[in-house]
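Input: a single structure, listed below in structure tokens.
Please read these numbers as outputs of a predicted model, since none were measured by experiment. In listed order, ligands and their atoms are each counted from 1.
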Amino acid sequence: MHLMSDRAVMATGVVGGTLPIAVGHALALEGDAVAVTFFGDGAVQTGVFHESLNLAALWSARVLFVCENNGWAEFSGRDEHTRIADVAAYGHFHGLPTAAVDGGEVVSVREAALQLLARVRAGEGPALLECHVMRIRPHYEGDLRRGDRAEGDPLARLEARMLTDGFSPDDLARRRADARAELDDACARALRDPSPDPVTDAELVFASAL
Ligand SMILES: Cc1ncc(C[n+]2csc(CCOP(=O)(O)OP(=O)(O)O)c2C)c(N)n1
Ligand SMILES: [Mg+2]
């Protein structure tokens, strides 16, 4: 929900909030650039999910909708808030090319995403990718009640697959250390950055300065 970067246009604590923004963003993009929006299965029961898929399909917006379906919305199991088991059903219903994959299998996610992205880029309209995943950590740190399934960790599964595919344990250890160093460096840089000046709080919120 809360990731931002130069290419991550927005994130928000409002469940489903990124969906219509992604459609608008896609309509403003030029060339064959594509907007990709990630959301949980909890967002699928919001009205904007359906409005966004419908409008994107009608206007052939270049959007890839990616749902991470872990079967939970905060503390409610999927069967407590919907009678529809698979999110992919809504893709078919709204007329989008749709795929459903094991979201813990990195290679399958990549292959399915590339196939759908090729269609979106070609101007065939939006697409929906449903990734079935496990919640590997509780909803928030300290909540140990439900859904802690470490065996669903996509990185651990990828490592196991790479070892089977012939990568050496040393190679994997080196890659892990490189990734760790990159993250440590990014965290250190973020902590060193000065906090924003409070007088700039309205910048980029309104079209013209207050
Ligand atoms: C509009 C809105 N309603 C309710 C909430 C409270 N809330 C936070 S997370 C969440 C569940 C979202 O489900 P999902 O996207 O599947 O995330 P998961 O619980 O699987 O991490 C809810 C209802 C919110 N943040 N925004
Ligand atoms: Mg969920």
Side-chain angles (χ1 to χ4, degrees), residues 1-5 7-26 34-57 61 63-94 96-110 112-113 116-117 120 126-158 183 187 201 204-205:
M1 274 184 175
H2 308 293
L3 293 171
M4 301 287 280
S5 80
R7 295 182 67 199
V9 176
M10 75 165 290
T12 170
V14 180
V15 170
T18 54
L19 292 155
I21 305 285
V23 179
H25 189 72
V34 169
V36 182
T37 178
F38 297 87
F39 50 95
D41 51 316
V44 173
Q45 275 64 252
T46 65
V48 286
F49 169 80
H50 300 281
E51 293 172 43
S52 300
L53 263 66
N54 184 52
L55 198 71
V63 191
L64 178 61
F65 296 96
V66 183
C67 180
E68 293 169 345
N69 182 357
N70 61 7
W72 292 98
E74 215 168 22
F75 312 114
S76 311
R78 196 155 169 74
D79 56 359
E80 291 174 74
H81 56 96
T82 178
R83 294 193 187 282
I84 309 295
D86 292 313
V87 174
Y90 294 111
H92 304 310
F93 182 76
H94 287 293
L96 278 65
T98 297
V101 293
D102 175 351
E105 192 61 59
V106 175
V107 178
S108 323
V109 173
R110 182 172 187 276
L116 291 175
L117 277 170
V120 178
L128 172 69
L129 177 59
E130 177 182 16
C131 301
H132 289 282
V133 294
M134 284 181 194
R135 182 182 265 174
I136 59 172
R137 297 288 290 266
H139 184 73
Y140 62 86
E141 295 306 320
D143 170 44
L144 300 176
R145 280 175 292 178
R146 287 169 159 180
D148 198 358
R149 305 278 300 275
E151 75 267 28
D153 185 343
L155 292 179
R157 289 178 62 185
L158 180 63
L183 287 174
C187 289
D201 66 352
L204 306 177
V205 176

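- Taking 2.8 Å as the criterion, Gly71 does not count as a coordinating residue of the Mg ion (ligand 2), since none of its N, O or S atoms falls below it.
- The contact set between ligand 1 and Asn70, taken as ligand atoms under 4.0 Å from a residue heavy atom, comprises 18 (P), 20 (O).
- Not a single heavy atom of Phe39 sits closer than 4.0 Å to an atom of ligand 1.
- By the 4.5 Å heavy-atom criterion applied to side chains, Ser52 and Phe65 are counted as neighbours.
- The distance from ligand 1 to the heavy atoms of Gly40 drops below 4.0 Å at these ligand atoms: 14 (P), 15 (O), 16 (O).
- Looking only at distances, a side-chain donor or acceptor of Asn70 sits under 3.5 Å from a matching main-chain atom of Trp72.
- Because the distance cut-off is set at 2.8 Å, Asn70 qualifies as a neighbour of the Mg ion (ligand 2) through one of its N, O or S atoms.
- Atoms of ligand 1 lying under 4.0 Å from at least one heavy atom of Gly13, given by number and element, are 24 (C), 25 (N), 26 (N).
- At a 4.0 Å heavy-atom cut-off, ligand 1 touches Val15 through backbone and side chain alike.
- Residue side and main chain included, Asp41 places an N/O/S atom under 2.8 Å of the Mg ion (ligand 2).
- The part of Arg135 lying near ligand 1 is the side chain, judged by heavy-atom distances below 4.0 Å.
- Ring pair Phe49/His94 is perpendicular by interplanar angle, where above 60° counts as perpendicular and below 30° as parallel.
- The closest donor-acceptor contact from the side chain of Arg78 to the backbone of Ile84 lies under 3.5 Å.
- Closest heavy-atom contact between Cys131 and Val66: SG-CG1, 4.1 Å.
- In this structure, the side chains of His132 and Asp86 come closer than 4.5 Å at one or more pairs of heavy atoms.
- Each of the atoms 13 (O), 14 (P), 15 (O), 16 (O) of ligand 1 lies under 4.0 Å from some heavy atom of Gly42.
- The heavy atom nearest to atom 22 (C) of ligand 1, out of those in Glu68, Arg78, Glu74, Gln45, is found in Glu74.
- Remark: side-chain polar atoms of Asp41 are paired, donor with acceptor, to backbone N or O of Gly71 under 3.5 angstrom.
- Looking at heavy atoms from C-beta onward, Glu130 lies out of side-chain contact with Val44 at the 4.5 angstrom threshold.
- Heavy-atom contacts of Trp72 reach the following atoms of ligand 1: 14 (P), 16 (O), 18 (P), 19 (O), 20 (O) (cutoff under 4.0 Å).
- Val87 and Leu128 make their closest contact through O-CD2, 3.7 Å (heavy atoms, listed as atom of the first residue, atom of the second, distance).
- For ligand 1, the atoms sitting less than 4.0 Å from at least one non-hydrogen atom of Asp41 are 16 (O), numbered in the order shown with element in parentheses.
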